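Heads up, the thing below is written out as structure tokens.
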Amino acid sequence: MTAIRPLVAGNWKMNGLSPSLAELRALKAHVKRKPVPSADLMVCPPATLLARASDVLVGSGIALGAQDCHPLRSGAHTGDISAEMLADCGATAVIVGHSERRTDHGEIDALVNAKARAAHRAGLTAIICVGETEKDRHDSATLDVVARQLEGSVPQGSEATNTVIAYEPVWAIGTGLTPTPADIAEVHGFVRAELGRLIGEEGARQLRILYGGSVKPANACEILSVEDVNGALVGGASLRADDLYAILSTYCGRTA
Ligand code: PGA
């Protein structure tokens with residue numbers, strides 16, 4: 001079995017104006033100065049910056065992702081953006097089912113599934129987010145919740161080349177709190193086993209499972225060393241090129 005190539009993806013959320021493109025230029029310079037050949041790097045800026053970010057990142061090896069898409073290709077859906085439009089802007093991936101969208105916009109698993117299918121249709125990698133709330137964890141319902149979200153959100157046809165799973169405990173997002181390495185290992189191992197059931201063992205063995213929730217340079221090494229953690233989805237710490245690069249550098253000198 002070939003080792004899974006890790007991915008560090010930065011999710012800028014609703015942050016970033018034109019001057020923020022300077023962070024992308026700085027990131028590009030970091031990677032040029034000291035490449036990290038054993039891991040992939042991606043940035044997901046807001047939709048308003050995608051086209052310009054794509055221009056900045058040309059030739060850098062840094063991938064461009066978006067944060068959401070509409071399930072349909074085009075049509076009368078004011079304010080929405082299709083996966084095809086994101087691909088047209090230079091994106092190669094899109095986050096779907098982030099907990100902030102599940103909460104702010106009432107997105108349910110069936111919609112997340114449709115968005116992931118749209119991503120696949122447009123040739124994008126779907127980064128499908130799952131994760132329990134603080135109450136779920138308190139009620140010992142973490143694995144049940146994650147299983148239900150995976151079952152509902154991961155479409156048929158998902159495989160390592162078009163899908164990434166991000167396990168993001170809701171209570172860890174933006175709070176500075178993180179689960180213990182043992183807790184992360186338990187959920188990631190569980191996610192891989194569930195994926196085996198959903199998409200087949202072979203596909204599940206190759207698929208990247210990212211951890212997300214308060215990843216920063218200070219804890220990246222510990223978290224990214226956990227078994228079955230194939231990278232990170234980074235929110236707050238991705239806004240600064242130095243921090244995102246520091247997280248990526250955790251993979252310096254590692255083979256995978
Ligand atoms: P955080 O966000 O790193 O700021 O906790 C992670 C995410 O929501 O993807």
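Whatever order the structure lists them in is the order used to number ligands and atoms, beginning at 1. Since the structure is predicted, the reported quantities are computational estimates derived from the model, not experimental observations.
Taking only nitrogen or oxygen atoms, main chain and side chain alike, G174 reaches within less than 3.5 Å of ligand 1. Considering backbone and side-chain N/O atoms, S214 comes within less than 3.5 Å of an N/O atom of ligand 1.
Contact annotation: for K13 versus ligand 1, heavy atoms closer than 4.0 Å belong to the side chain alone. In N11, the part holding a heavy atom less than 4.0 Å from any atom of ligand 1 is the side chain.
The residue from P169, S238, G235 that puts a heavy atom closest to atom 6 (C) of ligand 1 is G235.
Residue contact annotation: K216 has no non-hydrogen atom under 4.0 Å from ligand 1. The shell of residues lying under 4.0 angstrom from ligand 1, judged by heavy atoms, excludes G212.
Between D243 and K216 there is no salt bridge, since none of the side-chain N atoms of the basic residue sits less than 4.0 Å from a carboxylate O of the acidic one. K13 has a carboxylate O that lies under 4.0 Å from a charged side-chain N of E100, or vice versa, which qualifies the two as a salt bridge. By the 4.0 Å N-to-carboxylate-O rule, E134 lies too far from R137 to be salt-bridged with it. Checked for salt-bridge contact, D139 and K135 meet the test: a charged N lies under 4.0 Å from a carboxylate O. Between R102 and E107 no salt bridge is recorded (no basic side-chain N to carboxylate O distance below 4.0 Å).
You'll find the side chain of I209 reaches within 4.5 Å of the side chain of L195, heavy atoms only.
Ligand-side atoms of ligand 1 in range of E168: 6 (C), 7 (C), 8 (O), 9 (O), range being under 4.0 angstrom from any heavy atom. Residue-ligand proximity, H98 to ligand 1, at heavy-atom distances under 4.0 Å covers atoms 7 (C), 8 (O), 9 (O). Close approach of ligand 1 to G236 (heavy-atom distance below 4.0 Å) involves ligand atoms 1 (P), 3 (O), 4 (O).
When only modelled atom types and interatomic distance are considered, S153 and D109 share a side-chain donor-acceptor pair under 3.5 Å.
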